[in-house]
Amino acid sequence: MKIVATRFAPSPTGPLHIGGVRTALFNWLYSKNKGGKFYLRIEDTDKERSKEEFKNQIINSLKWIGINYEDIEYIQSDKIDEHINVANELLKKGLAYKCYCSNAEIEEQKKRAKQKKIPYIYNRKWRDMSENDAPKEFNPVIRFKSKIDGKSILNDLVQGTVEIENNTIEDFVILRADGSPTYNLSASVDDHLMSMTHIIRGDDHKINTFKQIQIYEAMNWKVPSFAHIPLIHTIEGKKLSKRDNASTLDDYSKIGIMPDALRNYLLRLGWSFKDKEIFDLDESIRYFNLEGIGKSPSKLDVSRIYSMNEYYIKNIDENDLFNQLKTYCETFKEAIPDLAQIKIKNSLHFLKNKAKTLEDIYKNSKFLLNDDVKIKKEDKKLLDETAIKIIKLFIDDINKLSDFTRETLEPIINNIITNNKTNFKGVGQPLRICLTGSKFGPGIYDILCALGKDEVTKRLSQIR
RNA sequence: GGUCCCUUCGUCUAUCGGUUAGGACACAUGGUUUUCAUCCAUGAAAGAGGGGUUCGAUUCCCCUAGGGACCGCCA
């Protein structure tokens with residue numbers, strides 16, 4: 001039994017978006033589930049548009065979400081010579097041919113087809129023409145001699161049996177006029193060279209698959225299994241593209257979405273395992289299969305990403321959460337000062353209760369991060385005479401306290417409430433504003449205890 | 001226009017001929033929490049339409065409608 005090998009083969013012509021990440025995830029999970037290998041191959045044969053920065057973005061995205069690939073980094077352009085050799089071999093075998101049609105000629109045919117409203121397909125003009133008739137002025141392209149009669153059948157692992165009439169597939173170009181290989185050639189040669197057993201990719205590749213299978217067969221190579229997964233659609237129902245906003249992993253990491261949460265979300269988008277919603281990493285690998293992939297495209301729902309992230313915030317180990325928060329703050333906000341680290345770590349149990357993202361936790365913990373409290377004008381109005389009076393009473397009361405805990409603070413606040421004929425809000429709100437600079441935030445006892453007696457006294461004393 | 005694919009609550013989905021069509025997110029209401037949120041409970045919410053096959057169809061088949069992908073010397 002051959003070991004399962006899958007790959008993710010993006011082209012570095014734009015940032016990797018969330019749909020591509022899901023394709024990578026499915027490939028990775030499938031191979032891990034089978035105890036196989038997973039590779040990354042950078043398809044950079046479009047020299048014009050391929051950029052180093054995109055390649056790095058792709059690699060960083062995979063790293064961030066935890067998809068690790070085999071060490072060997074495949075760069076498609078390294079193998080161009082081998083692609084060309086295969087083209088020449090096909091030529092020699094009579095399974096490919098030189099086509100001397102000019103661009104203008106092809107364009108003209110396309111235009112005519114459009115006018116007549118008939119589908120354009122290259123007319124195979126040079127398929128059987130002699131090279132003696134070839135014009136000398138320009139270089140030919142090499143076209144693959146595609147099957148004309150009958151139909152081809154693809155036993156797709158997701159889509160089932162897909163049939164297509166062979167005459168709808170044209171004699172596609174495998175070598176350009178400048179001698180460089182095209183996608184369908186390069187991809188099949190590379191997949192063969194890399195011994196891929198399963199090719200899992202977006203179903204926008206389905207037609208390519210019929211072309212590529214023909215190359216495999218022409219070369220007498222073993223044809224891998226194919227699985228075409230439905231694309232992810234935008235909320236408008238269109239194919240997700242690089243231009244859509246909130247589509248790269250960076251867009252999510254910068255708002256404080258955690259990799260595991262996004263991985264879990266992406267896994268459940270278009271794939272299911274009974275009613276199970278939460279899959280930790282091990283479970284993802286253990287349960288992943290191709291049978292669970294649905295056939296219809298699914299829409300990206302950001303609110304589910306948030307709620308998944310919220311679930312992870314509330315349920316993962318707090319040390320883990322803290323480390324992720326620390327990295328997040330360093331990267332996107334401000335580094336957490338050493339002194340504040342322990343305070344925040346100890347306060348995580350309540351800070352995270354109000355958070356859907358790491359950014360929310362950061363905002364909730366701002367009052368611990370720096371000690372100068374800025375009070376907004378509108379909030380300042382709430383600090384009227386009675387409020388100030390209550391704060392002063394509170395300072396006096398806690399002064400006597402040796403123990404600064406919820407248990408000792410509760411009676412103090414309750415006393416102030418009764419003595420001043422007010423309610424909890426009447427005490428809690430001014431305290432909160434003075435201590436944190438905000439009307440909203442963690443519970444008042446949580447704030448008090450997290451800051452400690454000295455800091456509370458200090459902050460409250462500045463108010464007048 | 002041609003080829004191929006898809007169609008269950010708003011969204012992601014469960015159901016492998018017999019269910020009061022289930023769950024999750026979002027939404028609404030109520031409760032807990034002496035703010036906000038969390039949490040808990042409850043509720044509203046779906047088989048595109050039409051034909052078959054069958055004792056019985058969401059499930060199998062066909063047609064229609066709607067949606068999508070592809071149709072490059074891009075990948």
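Being a predicted model, the structure only gives us computed values, none of them experimental. Per chain, numbering begins at 1; letters A, B, ... match sequence-line order.
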Separation between the [atom1] atoms of [N] and [M], rounded to whole Å:
N     : M     : atom1 : answer
B/A45 : B/G23 : P     : 14 Å
B/C73 : B/A69 : C1'   : 23 Å
B/C5  : B/G43 : C1'   : 38 Å
B/U29 : B/C16 : C1'   : 37 Å
B/U64 : B/G2  : P     : 13 Å
B/C4  : B/U58 : P     : 29 Å
B/C61 : B/U54 : P     : 16 Å
B/U53 : B/U59 : C1'   : 13 Å

task = Could you tell me whether A/Trp271 and A/Phe26 have their ring centroids closer than 6.0 angstrom?
result =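 Between A/Trp271 and A/Phe26, the centre distance exceeds or equals 6.0 Å.
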message = Could you check, using the six-membered ring where one of them is a Trp, whether A/Tyr39 and A/Tyr69 have ring centers closer than 6.0 angstrom?
response =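 Ring-ring flag for A/Tyr39/A/Tyr69: false, centres at least 6.0 Å apart.
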For [N], the Watson-Crick or wobble partner whose two distances fall under 3.5 Å:
N     : value
B/G1  : B/C71
B/A65 : B/U7
B/A44 : none
B/C39 : B/G31

task = Determine, stepwise, if the pair A/Glu53 / A/Lys55 fulfils salt bridge (Lys or Arg N to Asp or Glu O under 4.0 Å).
result = CA-CA 5 Å; A/Glu53 68 173 286; A/Lys55 179 187 150 191; over 6 Å; no
State whether the number of non-hydrogen atoms from other residues, nucleotides or ligands found under 6.0 Å of [X] atom [atom1] is greater than 12.
X        : atom1 : value
A/Lys47  : NZ    : yes
A/Lys363 : NZ    : no
A/Lys314 : NZ    : yes
A/Phe279 : CZ    : yes

Scan [X] against the nucleic acid and name what it touches under 4.0 Å (heavy atoms): base, sugar-phosphate only, or nothing.
X        : value
A/His233 : sugar-phosphate
A/Val141 : base
A/Gly202 : nothing
A/Pro442 : base
A/Asn184 : nothing
A/Gly428 : nothing
A/Glu43  : sugar-phosphate
A/Asp44  : nothing
A/Ser186 : nothing
A/Gly441 : base
A/Lys439 : base
A/Glu163 : sugar-phosphate
A/Asn414 : base

Between [options], which one does the side chain of [X] approach most closely?
X        : options             : value
A/Glu310 : B/A75, B/U38, B/A69 : B/U38
A/Ser307 : B/A75, B/C12, B/C25 : B/C25
A/Arg268 : B/C12, B/C70, B/U7  : B/C12
A/Asp275 : B/A75, B/A37, B/G23 : B/G23
A/Asp46  : B/C12, B/A75, B/A14 : B/A75
A/Arg406 : B/C5, B/U34, B/C6   : B/U34
A/Arg432 : B/U35, B/C6, B/C12  : B/U35
A/Ser303 : B/A75, B/C25, B/C4  : B/C25
A/Glu277 : B/G23, B/U38, B/C5  : B/G23
A/Lys356 : B/C12, B/A75, B/A26 : B/A26

Taking only the side-chain nitrogens and oxygens of [X], find out if one of them lies under 4.0 Å from OP1 or OP2 of [N].
X        : N     : result
A/Lys151 : B/U3  : no
A/Lys239 : B/A69 : no
A/Ser272 : B/A14 : yes
A/Ser298 : B/U13 : yes

Rounding to an integer number of Å, can you tell me how far [X] [atom1] sits from [N] [atom2]?
X        : N     : atom1 : atom2 : result
A/Ile121 : B/C70 : CD1   : P     : 18 Å
A/Ile412 : B/U34 : CD1   : P     : 18 Å
A/Phe138 : B/C73 : CZ    : C1'   : 12 Å
A/Asn423 : B/U34 : CG    : P     : 13 Å
A/Asn167 : B/U3  : CG    : P     : 10 Å
A/Ile232 : B/C12 : CD1   : P     : 11 Å
A/Asn264 : B/A24 : CG    : C1'   : 11 Å
A/Leu231 : B/C70 : CG    : P     : 7 Å

task = Could you pick out which residue, A/Gly270 or A/Ala9, lies toward the 5' side of RNA chain B when each is mapped onto its nearest nucleotide?
result =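 Upstream on the strand: A/Gly270.
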task = Please tell me which of A/Ile207 and A/Thr161 maps to the more 5' nucleotide of RNA chain B, matching each residue to the nucleotide holding its nearest heavy atom.
result =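 The residue whose closest nucleotide sits nearer the 5' end is A/Thr161.
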query = Heavy atoms, side chains only, cut-off 4.5 Å: are A/Arg263 and A/Ser284 in contact?
reply =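 In contact.
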request  = Confirm from the modelled atom types if A/Arg49 and B/A75 form a donor-acceptor pair under 3.5 Å, side chain to base only.
outcome  =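 Donor-acceptor pair under 3.5 Å: no.
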inquiry  = Could you walk me through whether A/Lys145 and A/Asp171 satisfy the salt bridge (Lys or Arg N to Asp or Glu O under 4.0 Å) test, starting with their C-alpha distance in whole Å, then the side-chain angles of each, then the deciding distance to 0.1 Å, before giving a yes or no?
reply    = CA-CA 5 Å; A/Lys145 265 191 194 169; A/Asp171 286 353; over 6 Å; no
key: Cationic tip of A/Arg143 above A/Tyr122 ring, under 6.0 Å, 45° of axis   =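 Yes, cation above the ring, under 6.0 Å and within 45°.
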